[in-house]
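Here's the structure we're looking at; comments come further down.
Sequence lines set the chain letters: A, B, ... in the order given, protein chains first and strands last, and positions in each chain run from 1.
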Amino acid sequence: MRVAVIGAGVIGLSTAQSIYEQYHPVIRPLSIEVYADRFTPLTTSDGAAGFWQPYLHDKGNVQETKWNKETFDYLLSCLSSPEGMKMGIFLQSGYNLCTEPVPDPSFKDAVLGFRQLTQRELQMFPGYTYGWFNTALMVEGKSYLPWLMDWLRKRDVTFRHQKVESFKELAETGADVVINCTGVRSGELQPDPDLKPGRGQIVKVDAPWLKHWIITHNFATGVYNSPYIIPGSRLVTVGGTFQVGNWSEQCNSTDQKKIWEEACELEPSLKHARIVDSWAGLRPVRSKVRLERETIQCGTTTLEVIHNYGHGGFGLTIHRGCAQEAARLFGQIVEQKGKGPTARL
Amino acid sequence: MRVAVIGAGVIGLSTAQSIYEQYHPVIRPLSIEVYADRFTPLTTSDGAAGFWQPHLDDKGKIQETKWNKETFDYLLSCLSSPEGMKMGIFLQSGYNLCTEPVPDPSFKDTVLGYRQLTEQELQMFPGYNYGWFNTTLMVEGKTYLPWLTDWLQKRAVKFYHRRVKSFQELAETGADVVINCTGVRSGELQPDPDLKPGRGQIVKVDAPWLKHWINTHNFTTGFCNSPYIIPGSRLVTVGGTLQVGNWSEQCNSTDHRRIWEDACQLEPSLKHARIVDSWAGLRPVRSKVRLERETIQCGTTTLEVIHNYGHGSFGLTIHRGCAQEAARLFGQIVEQKGKGPTARL
């Protein structure tokens, strides 16, 4: 069976991994190929801070909450393995700050040591009157993606640096199943009015004395439109923009100024930090993740597609749960193709 | 009035600061001089990790517990000032791990967010089944001491690079009050069988993905003789030795090997860390801090001495409280010298 994965961000690579893990023992031959026009370190996953945290409100989306938790538990188990550090995984604690009391978030039992902030702690953050402290995981794309690619290469997954223009193109090369992990640009393969870019601009600074992440929440301006400061393994990611509908991947000096001023107000020691880089990326925003099968007619052939895109600002947070679900959907396809009275081959 | 401070570690410099702050407005002229044979970055305070934490058990020494708390509150108030970062102060959270349940430590209400570790957290540390999580402060000697030196120099405090051999020597130069902050080598000025070196060896490594300190407690091997890992602003301090009576400031390869192996077992990702440096220092260990006055007869003159030494492994932790107390004792001397019927001038 030939599987073509489109997209080499965290979603594409981890889905390839889950399919290999679950079906390589079972299906012979199983050929997996990854097609992408951008590879690490140029994907959206590479620019992201790598901070595991879902949105505060899961909007009743229990599937996504389950996939988030699966991902956290998976990453936590990797932490103690010898591979953990090479995967870019490490623990980090920090502060979620709000301007008013809010219900506990969906992830309170997934993370470690979740608790309310004390008065003394809140005094350190003028303007914020409520919040939580917890320990979460970091998984940095710039380490995780190379690690995943290496994992896949060792298992004979091939990579093709190529922009796929249509599902049909892959059907014509003989692919049996296509896994569509094309993130924010999924609309180019199949129009999806629910998918929009959620532009985020960040600054990367050298401030190694910062040991906690600080995420502020402003319900007036919306998710990630208020300052956040997330120390990474070497640099600190400073951000706070979420511009839906803006396709620009160029850095904008108005955004830079706002991000920087707000972050310095939140954490005054940043004034002593050396600015190293800035970047703008497009979160693949959707009302919910599209993770489902679709059977597409391409001329005389039938192509099975598994869509796995639209992970907004929580791709790294949810990737493993989604990859495992995509592999489960793949399993359905395998059953239908190989077994049962209605097998279509 | 002429004040001579002997010692330019955190105790000497902070005591000079407290005396200046409290008496400079009041006594004219007030001349403060600091004498030392070692200055930053060569003092014991410079080599220490800079981690605020007293011993787990204060053994009923409520004065010391009070001075520790005063120091924490003082440093926390500095954190939010523009100077905070230049003083080498920053927050860091972490884990205190024990092999058996222990009573809550004296500092539980001083630090931020103190709580028991959850089962899930303890699973990350095989061999440890009890412990606490809290947020505390770091104050790094290599930054704090230069900041204090600069603060003092701006206020015309003079520094003399010189080894003082006796209190008498300073009496002969005309000093009215001597503040004895000579740390582990105080015995050279006045024998003190209660003062002993508590040798500690450390390794400094580059491991910037570590964002929490980890302190282990082994009641068999004793305080500080089991591994600890304390990330600093740039490097991580790895240690775990307290050898009472050992005066060697040379690094020992047996100690190095044990420290490193124990730490890697505690935190396996350290195997990927680059070792940058190693160092051995002598904690000024004493059954309790010696912070008291003494009137010494030097020939025909009387010299007032304030002793402020013997802070063991908690010099940075307790320094401000002790400095303020020393300044209070200085105030007593000033009263006796300048006012009252029995004034001796």
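At a 4.5 Å heavy-atom cutoff, B:S81 makes no contact with chain A through either its backbone or its side chain. Contact of B:L117 with chain A is not made at all, since no heavy-atom distance falls under 4.5 Å. At a 4.5 Å heavy-atom cutoff, the contact between A:P82 and chain B is made by backbone atoms alone. For B:K86, the part lying under 4.5 angstrom from a heavy atom of chain A is the side chain only. In this structure, no portion of A:I89 lies under 4.5 Å from any heavy atom of chain B.
You'll find the side chain of B:D73 reaches within 4.5 Å of the side chain of A:R120, heavy atoms only. Using a 4.5 Å cut-off on side-chain heavy atoms (C-beta onward), A:M85 and B:L270 make no contact. Side-chain contact between B:T143 and A:W209: absent, with no pair of heavy atoms (C-beta onward) separated by less than 4.5 Å.
Heavy atoms of other residues, nucleotides or ligands lying less than 6.0 angstrom from CD of B:Q116 number more than 12.
Note on A:G84, A:G113, A:P126, A:G94: by heavy-atom pairs under 4.5 Å with chain B, the leading option is A:G113. Interface check for chain A: of the options B:Q120, B:E121, B:M138, B:H212, the most heavy-atom pairs under 4.5 Å are formed by B:H212. Note on B:S80, B:P208, B:S93, B:A207: by heavy-atom pairs under 4.5 Å with chain A, the leading option is B:P208.
A:G232 and B:K211 get closest at one heavy-atom pair: O-NZ, 2.5 Å. B:T135 and A:E121 make their closest contact through OG1-OE2, 4.5 Å (heavy atoms, listed as atom of the first residue, atom of the second, distance).
Using a 4.0 Å cut-off between a side-chain N of Lys or Arg and a carboxylate O of Asp or Glu, B:D206 and A:R234 qualify as a salt bridge.
Going from atom CG of A:L91 over to atom OH of B:Y95 covers 5.0 Å, rounded to the nearest 0.5 Å. The line from CD of B:Q123 to CG of A:L112 is 10.0 Å long, rounded to the nearest 0.5 Å.
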